[in-house]
Novice: 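Here's a structure for you.
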Amino acid sequence: MSGRSEPVVPPVLRGWLGATAALAALVVVVLGVRYAGDSEPGTVDARIGDALYGVGPWRRHVALALDFLGEPGGSVLLVGALVTGCLLFRRPRAAVLVVAGAGVAVVTATLLKSVVGRTIHGEHLSYPSGHTAFATALALVVALTVTGRSGLGRTAGLSLVLAAALVSGAAMGWAQVTLGAHYPTDVLGGWCTALAVVPVTAWLVDLTADRLPDRLPGRASGRMSGRGAGRPADPPSDRTADRSAGHSADRTADAVHREHR
């Protein structure tokens, strides 16, 4: 028994998630360069935005509810619920990734907004969508946890992870475009931001968790004592016999010495 918790990234998915993260990062960079400093929607943005913006009252209420989950109050509730669930199912690494993955995704999106400088409705920085990055990051963590716990293979596991990210990102992205908070390409950028940073963050969580037990003082002393514990102590009778044999040898040597004087 090693005492280590299950990895948050299933081994069968590591290579494919790495390739997905690299491709997603490339999309983020390309879109960022394309729309750097813009304050108007592109052709695709305009067509999709016209189709979604200004929906009926009930759809707007749904969009507002989804948007709330990305606001500070809603995000704290959502993250707290997911962390609690991970701990109840004894997945401490997943609990750490919920916080770390969502946090890194949002921080990265916030930094990119300042770098790209795309705006909407005047001075509001828009690329990439932080709400979409946040929702996608949480979906990725949940899907990775389910994949590892269920023991899914590479194809099924990767399909589940990407499907969860797509559904969550599309739902939050729809809400952002419907409410006029982001352009559709902002949403795509936020989705790809989460796909780029969450696998890397998950790998770092696993790496840290694997190395941490070996650096604990208790574990090191346990290994030292374990090496000594494997060798049985000499019984008292053996130690007494050894001392008696030693004394007899000393007396014999003294007698021989006196004879030769």
Novice: Check for a donor-acceptor pair, side chain of Thr145 on one end and backbone N or O of Ala94 on the other, with a separation under 3.5 Å.
Specialist: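 No, the answer is negative, given that no donor and acceptor are paired below the 3.5 Å cut-off.
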Novice: Would you say the side-chain atoms of His182 pair up with the backbone N or O of Gln176, donor to acceptor, closer than 3.5 Å?
Specialist: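 No, the answer is negative, given that no donor and acceptor are paired below the 3.5 Å cut-off.
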Novice: Measure the shortest side-chain to side-chain distance between Trp203 and Arg14 over non-hydrogen atoms and say whether it is less than 4.5 angstrom.
Specialist: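 When only atoms from C-beta onward are counted, Arg14 and Trp203 do not touch, as no gap falls below 4.5 Å.
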Novice: Any idea which heavy atoms bring Ala100 and Thr201 closest together, and the distance?
Specialist: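 The pair with the smallest heavy-atom distance is CB-CG2, 3.9 Å.
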Novice: So how far is it from Leu64 CG to Glu71 CD, rounded to the nearest 0.5 Å?
Specialist: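 Output value for this atom pair is 10.0 Å.
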Novice: Is there a path of hydrophobic side-chain contacts, each under 4.5 Å between heavy atoms of I, L, V, M, F, W or Y residues, that connects Leu188 with Tyr35?
Specialist: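 Same cluster: Leu188 reaches Tyr35 through Ile, Leu, Val, Met, Phe, Trp or Tyr contacts under 4.5 Å.
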Novice: Considering only heavy atoms from C-beta outward, does the side chain of Lys113 approach that of Ser126 to under 4.5 Å?
Specialist: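 Contact flag for Lys113/Ser126 side chains = no.
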Novice: Just wondering, do Leu125 and Thr110 contact through their side chains at under 4.5 Å, heavy atoms?
Specialist: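 In short, these two side chains do not touch, never coming nearer than 4.5 Å.
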Novice: Compute whether any side-chain donor of one residue and acceptor of the other, for Ser129 and Asp186, lie under 3.5 angstrom apart.
Specialist: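 Absent: no donor and acceptor within the cut-off.
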Novice: Is Leu195 reachable from Leu111 through a run of I, L, V, M, F, W or Y residues, each pair having side-chain heavy atoms under 4.5 Å apart?
Specialist: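 No, Leu111 does not connect to Leu195 through the hydrophobic network.
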Novice: What's the shortest heavy-atom distance between Val9 and Ala202, and which atoms?
Specialist: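 Shortest heavy-atom contact: CG2-CB, 3.3 Å.
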Novice: Report yes if the side chains of Arg60 and Thr178 come closer than 4.5 Å at any heavy-atom pair, otherwise no.
Specialist: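 No, side chains not in contact.
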Novice: Which value, rounded to the nearest 0.5 Å, describes the distance between Cys86 atom SG and Arg149 atom CZ?
Specialist: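 Nearest 0.5 Å value for the SG-CZ distance: 10.5 Å.
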Novice: Do Val28 and Tyr127 come within less than 4.5 Å of each other through their side chains, counting heavy atoms only?
Specialist: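 Result yes, sub-4.5 Å side-chain heavy-atom pair found.
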Novice: Hydrophobic cluster membership, with links at side-chain heavy-atom distances under 4.5 Å among I/L/V/M/F/W/Y: are Val99 and Leu97 in one?
Specialist: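 Yes, Val99 connects to Leu97 through the hydrophobic network.
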Novice: Between Asp206 and Val8 (side chain of the first, backbone of the second, donor and acceptor by atom type, cut-off under 3.5 Å), is there such a pair?
Specialist: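 At least one qualifying donor-acceptor pair exists.
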Novice: What distance do Ser168 atom OG and Leu138 atom CG have between them, rounded to the nearest 0.5 Å?
Specialist: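 Here the rounded value is 7.0 Å.
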Novice: Give the intermediate values and the outcome of side chain to side chain contact (heavy atoms under 4.5 Å, CB included) for residues Leu82 and Val141.
Specialist: CA-CA 9 Å; Leu82 290 177; Val141 176; over 6 Å; no
Novice: Could you state whether Leu87 and Val146 fall into the same hydrophobic cluster, counting links through intermediate Ile, Leu, Val, Met, Phe, Trp or Tyr residues with side-chain heavy atoms under 4.5 angstrom apart?
Specialist: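 Yes: a chain of side-chain contacts under 4.5 Å links Leu87 to Val146.
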Novice: Mark yes or no for whether Tyr183, through its side chain, and Thr119, through its backbone, hold a donor-acceptor pair below 3.5 Å.
Specialist: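 At least one qualifying donor-acceptor pair exists.
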Novice: Check for a donor-acceptor pair, side chain of Trp191 on one end and backbone N or O of Ala165 on the other, with a separation under 3.5 Å.
Specialist: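 The answer is yes, because a donor-acceptor pair under 3.5 Å joins these two groups.
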Novice: Rounded to the nearest 0.5 Å, what separation is found between the SG atom of Cys192 and the CG atom of Leu31?
Specialist: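 So the gap between those two atoms works out to 7.0 Å.
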Novice: Give, for atom CG of Leu66 and atom NE2 of His61, the distance between the pair rounded to the nearest 0.5 Å.
Specialist: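 Here the rounded value is 13.5 Å.
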Novice: Hey, quick one: are Leu17 and Leu160 part of the same hydrophobic cluster, counting side-chain heavy atoms closer than 4.5 Å, chains of contacts allowed?
Specialist: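 Hydrophobic grouping puts Leu17 with Leu160.
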Novice: Strictly by modelled atom types, are Arg34 and Thr185 linked by a side-chain donor-acceptor pair under 3.5 Å?
Specialist: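 Absent: no donor and acceptor within the cut-off.
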Novice: Ignoring hydrogens, what is the shortest heavy-atom contact between Ala24 and Ala196? Give both atom names and the distance.
Specialist: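 Taking Ala24 first and Ala196 second, the nearest heavy atoms are CB-N, 3.9 Å.
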Novice: Knowing that exactly one of Thr108, Val104, Val106, Val198 qualifies, which makes a side-chain contact (heavy atoms from CB on, under 4.5 Å) with Thr193?
Specialist: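 For Thr193, the side-chain contact (heavy atoms from CB on, under 4.5 Å) check succeeds only for Thr108.
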Novice: With side chains defined as the heavy atoms from C-beta onward, is the minimum distance between Trp174 and Arg59 less than 4.5 Å?
Specialist: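 Sidechains of Arg59 and Trp174: in contact.
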Novice: Restricting to non-hydrogen atoms, name the atom on Ala63 and the atom on Ala175 that form the minimum distance, rounded to 0.1 Å.
Specialist: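 Nearest heavy atoms, Ala63 then Ala175: O-CB, 3.6 Å.
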Novice: How about Phe89 and Thr84: do any of their side-chain heavy atoms sit closer than 4.5 Å?
Specialist: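 They are not in side-chain contact.
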Novice: Heavy atoms only: give me the nearest Ala135-Met172 pair and the separation to one decimal.
Specialist: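 Result for this residue pair: CB-CB, 3.9 Å.
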Novice: Considering non-hydrogen atoms only, spot the tightest contact between Ala46 and Pro41 and give its length.
Specialist: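 Closest approach of Ala46 to Pro41, heavy atoms only: N-CB, 4.1 Å.
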Novice: Is there a side chain to side chain contact (heavy atoms under 4.5 Å, CB included) between Arg93 and Glu6? Walk through the geometry before answering.
Specialist: CA-CA 8 Å; Arg93 296 192 190 189; Glu6 293 295 326; over 6 Å; no
Novice: So do the side chains of Leu78 and Phe134 get within less than 4.5 Å of each other, counting heavy atoms only?
Specialist: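 A side-chain contact under 4.5 Å exists here.
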Novice: Would you compute the distance between atom CG of Leu52 and atom CG of Leu179 and round it to the nearest 0.5 angstrom?
Specialist: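 Separation between the atoms: 10.5 Å.
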